[in-house]
A.B. asks: 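Questions regarding the structure given below will be posed in turn.
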Amino acid sequence: MERERRSRYLQAMGIVEWQRRDRVAEPAAQSVQPAHAGSSGDAAPSRQPVPAAGDISRLEWDALQARVLSCTACDLHKSRTQAVFGVGSRDADWMIVGEAPGAEEDRRGEPFVGRAGQLLDSMLHAIGLDRQQVYIANVLKCRPPNNRDPRPEEVEQCEPYLQRQVALVQPRLILAVGRIAAQNLLKTNAPLSRLRGRRHSYGEAGTPLVVTYHPAYLLRSPLEKRKAWQDLKLAREVAGR
Ligand code: URA
């Protein structure tokens, strides 16, 4: 079973496995799930009144989403098309946290819907999950111009939103994808190579957290996909504990 799952993962991620010629079958068509708004319908803006600043940690889902979508706390609101809140199951066991929306996400209002998102979907499939089953969010809710790295003051303004999302979802595991997400969630400057391969904890609740490569990096460096598979297996083990 583990072998079969490994094969599916490697195939989904475009890693060629060496096989004896006489055993090589026709490759199965690779299916990538179309992006969707998730079971909770997170894509639609809420009509709730926006509460005063300072009580983000008490907001419920609709009010939190409304607050994010109308946020002007940092300058990123000036260049965004729209804020990207988060998507997926609000009682998910797994929460996936990325860096910030890219161009496609900014346009569509949903995290991880570009090429990197398609690879993320494949990675999730390989461990038996799909987008509806997890909750996906970013450290920053608005796209930095030209996809530059988030600035500390932007992260600081946005942090209460993600903290509240984590508190509401109460996941069994946070998978931090990429250096920026990992460093900001764990409040460290350590390189990704040192953060991978072990269980961390996030926030006061001590939510288990595992770090892996960003799918955009894996698209550029496909040889690292094998290490990402190790990370996913660790994440699965930690989530199952
Ligand atoms: N990269 C991220 O980190 N998040 C997205 O939503 C898209 C690309």
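The model shown is predicted, which means the values in this text are computed figures rather than measured ones. Note that ligands are numbered from 1 as they come in the structure, with each ligand's atoms numbered from 1 the same way.
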A.B. asks: For ligand 1, which part of Glu99 has a heavy atom less than 4.0 Å away: the side chain, the backbone, both, or neither?
C.D. replies: both
A.B. asks: Do Lys141 and Leu162 have side chains that approach each other closer than 4.5 Å (heavy atoms only, starting at C-beta)?
C.D. replies: yes
A.B. asks: For atom 5 (C) of ligand 1, what is the nearest protein heavy atom, given as residue, atom name and distance?
C.D. replies: Ala100 O, 3.4 Å
A.B. asks: Among all protein non-hydrogen atoms, which one is nearest to atom 4 (N) of ligand 1, and what is the separation to 0.1 Å?
C.D. replies: Asn138 OD1, 2.8 Å
A.B. asks: For the backbone of Ala190 and the side chain of Gln183, can you confirm whether one donor and one acceptor N or O come within less than 3.5 Å of each other?
C.D. replies: yes
A.B. asks: Considering only heavy atoms, does Ala116 approach ligand 1 within less than 4.0 Å through its side chain, its backbone, both, or neither?
C.D. replies: neither
A.B. asks: Using a 4.0 Å cutoff against the non-hydrogen atoms of Gly98, which atoms of ligand 1 qualify?
C.D. replies: 3 (O)
A.B. asks: Go through ligand 1 atom by atom and flag the ones less than 4.0 Å from a non-hydrogen atom of Pro111.
C.D. replies: 6 (O)
A.B. asks: May I ask you to check whether over 12 heavy atoms, not counting those of Arg199, lie within 6.0 Å of atom CZ?
C.D. replies: yes
A.B. asks: Give the contacting part of His214 toward ligand 1: side chain, backbone, both or neither, where contact means a heavy-atom distance below 4.0 Å.
C.D. replies: side chain
A.B. asks: Do the rings of Trp61 and Phe85 sit parallel, tilted or perpendicular, given the 30° and 60° boundaries?
C.D. replies: perpendicular
A.B. asks: Under 3.5 Å, is there a donor-acceptor pair between the side chain of Glu110 and the main chain of Gly86?
C.D. replies: no
A.B. asks: Side chains of Arg67 and Arg164: closer than 4.5 Å at any heavy-atom pair?
C.D. replies: no
